[in-house]
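Everything quoted here is computed from the prediction, not taken from an experiment. When a ligand or atom number is given, it counts from 1 through the structure's own listing order.
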Amino acid sequence: MKHISVIGCGTMGNGIAHVFALSGYSVQLIDINEQALQKAIQKIGSNLDRQVSKQIITEEQKASTLANINPTTDLAQGVSKADLVIEAATENVGIKLQLFKDIDAHAPAHCILSSNTSSISITKIAAVTNRPEQVIGMHFMNPVPVMKLVEVINGFKTSTATTNTIMELSKAIGKVPTLVNDYPGFVANRILMPMINEAIITLNEGVAGVHEIDTVMKLGMAHPMGPLQLADFIGLDVCLAIMNVLHDGLGNPKYAPSPLLINMVTSGDLGVKSGRGFYDYSNGGKELVVAPKFNS
Ligand code: CAA
């Protein structure tokens with residue numbers, strides 16, 4: 001494996017490009033939006049700066065990492081030499097299925113196709129390609145340069161050879177791959193999202209405030225972020241979409257999303273990315289301030 005193509009240059013896509021390029025792979029970073037690509041390269045540069053300032057990497061490694069990344073808006077050309085494609089586009093089934101048809105049409109026959117989806121079925125994605133045995137899930141965690149886990153998801157037809165290659169590759173970029181099967185939410189989100197949803201239900205029932213719920217989980221359970229802060233960090237729209245996948249896919253009312261979560265997403269309070277969720281980020285997020293709505 002030498003050539004990796006990453007599709008989508010948002011938070012996850014640019015983090016994935018960062019870790020592969022830092023490990024010496026040649027990365028095509030593909031997005032339909034030219035401006036977003038420029039912003040992503042800047043973001044990778046500033047995340048590499050954090051690693052330089054912590055003496056995790058050298059200035060030379062920063063320079064070679066950036067040199068290993070080629071941004072492009074041309075999907076067909078961007079995947080034409082790929083040994084592995086990692087799709088990290090918007091979490092929308094229709095968009096992903098169309099993308100996989102296009103990638104399948106333009107990537108070389110030997111190329112493995114993977115998705116960073118947080119909850120969409122790998123088997124469903126594989127079924128729109130002509131190579132379902134070479135389709136697999138690679139679910140990275142945010143922030144990608146920091147988090148060690150890659151949740152590797154076997155689709156129904158993923159071959160053992162594909163799984164072994166992806167497990168080894170994940171280790172080669174310094175991650176810890178963990179193999180799971182393709183069921184709604186896989187493992188990470190099947191466990192994480194109901195916890196976040198329960199925290200939102202707990203808030204909505206008036207059991208405790210935002211700060212109190214997060215403090216209990218941070219100091220009581222040694223979580224680096226409380227569940228409500230983590231929901232803001234992930235994006236409340238993403239949390240809601242994953243709860244809907246669990247609810248629809250597993251058919252159990254215990255996965256019903258909290259009405260408060262639905263209301264917040266409907267009103268545009270999506271967390272860090274929209275400037276407000278359970279906390280208010282208008283101060284740039286330097287200090288955690290509970291959003292006025294929950295501050296009584
Ligand atoms: N790139 C490179 N380095 C980064 C970084 C980035 N994007 N973000 C943070 N860092 C580094 C910092 O430089 C710092 O390095 P040192 O430890 O060497 O000092 C370290 O990470 C910690 O960062 P900070 O000091 O800024 O802040 P922190 O101590 O509060 O940690 C955090 C930040 C790592 C995000 C931590 O709060 C955390 O682990 N939070 C939980 C993250 C989590 O649960 N992620 C999974 C979300 S779920 C998901 O992604 C999948 C899904 O499907 C929804």
Exercise for the section: Decide whether Y255 and D248 meet the rule of one side-chain donor and one side-chain acceptor closer than 3.5 Å. Expected result: no
Exercise for the section: Look at the side chain of E151 and the backbone N and O of P177, then say whether any donor-acceptor pair between them is shorter than 3.5 Å. Expected result: no
Problem - Electrostatic pair D104-R131, nearest N-O below 4.0 angstrom - result: yes
Exercise for the section: Flag the pair K124 and D182 as a salt bridge only when some basic side-chain nitrogen lies within less than 4.0 angstrom of an acidic carboxylate oxygen. Expected result: no
Handout entry: R276/D280 ion pair, N-O < 4.0 Å
Key = yes
Fill in the blank from the handout: Output for ligand 1, non-hydrogen cut-off under 4.0 Å, lists N47, R50, K54, S118, H139, M141, N142, P143, P145, V146, M147, N189, L192, P224, M225, L230, I234
Side-chain polar contacts of residues 6-23 - donor-acceptor pairs under 3.5 angstrom, sequence neighbours left out - could you list them?
{"residue": "N14", "atom": "ND2", "partner": "G10", "partner atom": "O", "Å": "3.0"}
{"residue": "H18", "atom": "NE2", "partner": "Q51", "partner atom": "OE1", "Å": "2.6"}
{"residue": "S23", "atom": "OG", "partner": "V19", "partner atom": "O", "Å": "3.1"}

